[in-house]
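Shown next, in structure tokens, is the structure this report addresses.
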Amino acid sequence: FFFKQKTAYEIAQRLVGSEMCIRDRFNQGSIMVDASPLSPAHSEHSADFQFMYSHNIISAPESQFSLEHRRQTAEEKKLIYTVRFDPDDSRFLAIGYSDGCIGIYKVTNLERSYMLGEGSGSEEKLPVGGLRWRPKHGGIKESLLVCAGVDGVISYWNAISGKLLATIKPEKKLSDLLCLDYTRDGTKLAAGGRRKAIKLFDDEKRALITKLRPKGQQVSGHSNRIFSLKFDETGKKLVSGSWDMTVKVWDVNSGSVIHNIYGPEINGDAIDVNASEDKIITGSHRSKEALQVWSLSYGKLIETIEWDPQKPGDSSQLIAAQFDKTSARYIAACGSGRNEARIFEKRMDKIYAFSCGVIDLPSACSSIDFSVKDNLIAIGCCDGICRIFERVEKAKLPTSSLSDLDSKVISQQALA
């Protein structure tokens with residue numbers, strides 16, 4: 001209850017709700033973290049001291065996979081709100097920051113190409129609410145990145161040239177946008193946030209088609225801010241998650257709610273949909289029963305995933321959750337509280353179980369994204385660093401790199 005009171009106050013000050021969850025890691029712009037004994041030795045005069053490897057990698061004994069830390073961005077003195085690989089996967093990674101800027105980085109070396117929105121002249125620095133790459137369809141070859149801002153503006157950027165191509169401005173003030181999503185064919189864009197109504201746009205015309213919102217007694221809409229939106233593969237259904245402890249499945253054509261799912265506390269990009277498997281995943285910002293799988297067709301709970309086999313019933317307070325982009329065999333999720341990200345694998349009995357993860361990170365994890373090829377995972381953290389890991393077979397790892405739940409975890413510094 002105290003958490004919700006405090007978060008509501010923070011949002012009233014025009015901060016995205018999930019920012020409160022992670023602000024206790026910052027003090028006047030400095031990272032407040034206890035150095036691990038395995039971290040690099042601290043020196044007041046060392047410019048390289050960034051806790052770069054103060055995390056541990058673990059994997060379940062029965063899992064065939066583990067993670068390897070590949071690379072990371074240089075530290076930015078601002079929070080990361082969202083991270084997204086581009087559809088081509090091997091080219092760009094987009095990172096949305098708390099000051100409204102968007103970093104475009106090359107995936108191969110994480111060299112920064114642009115910082116979009118930097119020096120825009122705006123006095124009020126408001127966070128990036130959501131990011132999506134526009135799907136390439138109908139002969140479109142441009143790498144276009146679409147940003148939903150807490151200022152209510154939707155911006156279209158060319159990731160190759162770094163140019164702002166177009167904007168869709170809000171009809172009213174205080175129209176904070178916190179999330180967006182595309183249909184698979186890229187023809188429709190949905191956006192949601194503070195005003196509880198979901199806006200549906202024709203992307204080619206960049207014009208509003210309709211609003212999905214409460215309409216008398218016939219349709220029940222959200223009663224609080226919307227933090228996550230996901231279309232199914234057909235584009236006929238849209239799933240929305242709110243701070244009102246409900247997830248709703250909408251019929252896009254009729255604008256009606258098909259199902260109400262009660263219970264999930266969505267406070268970030270923590271919903272995903274896989275229509276072929278008839279599944280929705282939700283990541284709740286709470287310490288128990290946080291990661292759950294639901295039926296898309298019936299809105300019924302299928303499974304509550306055990307976050308930590310060593311501590312049954314205990315979980316990170318989740319801010320982001322996602323299926324892998326090819327098979328729905330894997331689920332990735334991350335959050336605050338325990339400051340960790342974990343990967344879960346669907347087993348033969350069709351139940352998801354812990355596979356591998358990154359724990360003991362120096363700050364909360366605010367965003368996670370699978371690459372399309374399913375081997376890379378980007379984790380955006382609130383120390384301003386985005387870390388990229390690769391999911392690898394244990395058989396291909398050096399023996400000294402392996403760790404499991406029954407043995408001491410191995411510091412990434414020891415592997416560097």
Any ion pair linking [Y] and [X] (charged N to carboxylate O, less than 4.0 Å)?
X	Y	result
E76	R112	yes
K248	D244	no
D86	R91	no
D369	R84	yes
D176	R225	no

Judged by atom type as modelled, is there a donor-acceptor pair below 3.5 Å linking the side chain of [X] to the main-chain atoms of [Y]?
X	Y	result
K188	L200	no
N56	D360	no
D324	Y330	yes
E277	A328	no
S155	C147	no
S59	S66	no
S315	W307	no
H259	S297	yes
S336	A364	no
D383	S363	no

Subject >> Min side-chain heavy-atom separation S366-L79 under 4.5 Å >> reply: no

Subject >> Inter- and intrachain pairs under salt bridge (Lys or Arg N to Asp or Glu O under 4.0 Å), touching residues 280-300, at least two apart >> reply: E265-R286

Original post:
Among pairs that include at least one residue of residues 290-299, which meet salt bridge (Lys or Arg N to Asp or Glu O under 4.0 Å), considering only residues two or more places apart or in two chains?
Top reply: none

Subject >> Candidates I95, L110, I379 - the one meeting side-chain contact (heavy atoms from CB on, under 4.5 Å) with C386 >> reply: I95

Subject >> Residue E204 excluded, over 12 heavy atoms near CD under 6.0 Å >> reply: no

**OP:** Name all residues meeting the salt bridge (charged side-chain N to carboxylate O under 4.0 Å, His left out) criterion together with D203; count only those two or more places apart in sequence or in a different chain, and write none if there are none.
**Re:** R134

Original post:
Does a donor on one side chain and an acceptor on the other come within less than 3.5 Å for T304 and Q292?
Top reply: yes

Subject >> Verdict with reasoning, Y81 to S98, per side-chain contact (heavy atoms from CB on, under 4.5 Å) >> reply: CA-CA 6 Å; Y81 271 67; S98 56; 3.4 Å; yes

